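Here the structure comes first, spelled out in structure tokens, and everything after it is commentary.
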Amino acid sequence: MRLKLALLLGFTFLALILNCAPKMASKETLQRIEELKAQIEKINSEIAACEEEKKNLTAKKSEKIKLIEKLKVERDSLRTLLELIKQGY
């Protein structure tokens, strides 16, 4: 009787351990994970490209702002010269 009870408890314990063990992912799940990893890599490379483009555009913007300031100074200088010419100097 004790042997049967011990075997029953042993098999029950073994069944619980095997049933609670981690399951292997299906082939479809593993394939989907690989697809998602590839998409993540693609998106990360696109993000890097966009950040590089943003950096280049910011540099161009800075250059254009400097050019605008230089042209404003030149414009003001020419206005002053024009006013002097109009006054007869």
Side-chain angles (χ1 to χ4, degrees):
M1 179 74 173
R2 284 186 166 182
L3 181 60
K4 286 184 182 182
L5 185 57
L7 286 173
L8 181 61
L9 286 174
F11 283 124
T12 304
F13 183 70
L14 184 60
L16 284 173
I17 289 175
L18 293 176
N19 199 23
C20 294
K23 307 288 187 265
M24 291 296 296
S26 69
K27 192 174 187 178
E28 293 81 19
T29 302
L30 293 174
Q31 184 179 7
R32 183 68 178 137
I33 288 171
E34 290 302 317
E35 290 172 359
L36 291 174
K37 284 181 182 179
Q39 287 178 352
I40 288 170
E41 288 178 18
K42 180 181 176 188
I43 290 170
N44 283 337
S45 66
E46 289 174 0
I47 289 171
C50 288
E51 288 174 349
E52 185 67 26
E53 183 179 359
K54 179 183 175 184
K55 181 179 158 185
N56 292 337
L57 291 173
T58 302
K60 286 182 182 179
K61 179 182 175 184
S62 296
E63 290 173 9
K64 299 222 183 253
I65 288 172
K66 288 178 184 177
L67 178 61
I68 288 171
E69 292 302 317
K70 180 181 173 184
L71 291 172
K72 282 181 180 179
V73 169
E74 186 178 342
R75 177 199 64 195
D76 293 343
S77 174
L78 290 171
R79 277 187 182 164
T80 304
L81 184 59
L82 182 60
E83 288 299 318
L84 289 173
I85 291 172
K86 283 182 180 180
Q87 292 176 4
Y89 291 105

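Worth saying up front: this structure is predicted, and the values here are computed from it rather than measured.
Cluster note: I47 groups with I43 through ILVMFWY side-chain heavy atoms spaced under 4.5 Å, whether in direct contact or through intervening members. Grouped by direct or indirect side-chain proximity (heavy atoms under 4.5 Å, Ile/Leu/Val/Met/Phe/Trp/Tyr only), L71 sits with L67.
Salt-bridge check for R32 with E35: passed, with a basic side-chain N closer than 4.0 Å to an acidic carboxylate O.
Around CD of E46, the count of heavy atoms belonging to other residues, nucleotides or ligands within 6.0 Å exceeds 12. Within 6.0 Å of the CD atom in E74, the count of heavy atoms belonging to other residues, nucleotides or ligands does not exceed 12.
Side chain of S77 to backbone of V73: no donor-acceptor contact under 3.5 angstrom is found.
The structure places CD of E34 at 12.0 Å from OG1 of T29, a figure rounded to the nearest 0.5 Å.
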Practice prompt. List the steps, then state whether side-chain contact (heavy atoms from CB on, under 4.5 Å) holds for K72 with I68.
Written response: CA-CA 6 Å; K72 282 181 180 179; I68 288 171; 3.7 Å; yes
Item to complete: With salt bridge (charged side-chain N to carboxylate O under 4.0 Å, His left out) as the test, would you mind laying out the steps for K60 and E63 before giving the verdict?
Response: CA-CA 5 Å; K60 286 182 182 179; E63 290 173 9; over 6 Å; no
Worksheet item: Given L78 and L82, is the side-chain contact (heavy atoms from CB on, under 4.5 Å) satisfied, shown in steps?
Response: CA-CA 6 Å; L78 290 171; L82 182 60; over 6 Å; no
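Inter-residue side-chain proximity for K61 and L57 is flagged as unmet; no heavy-atom pair is nearer than 4.5 Å.
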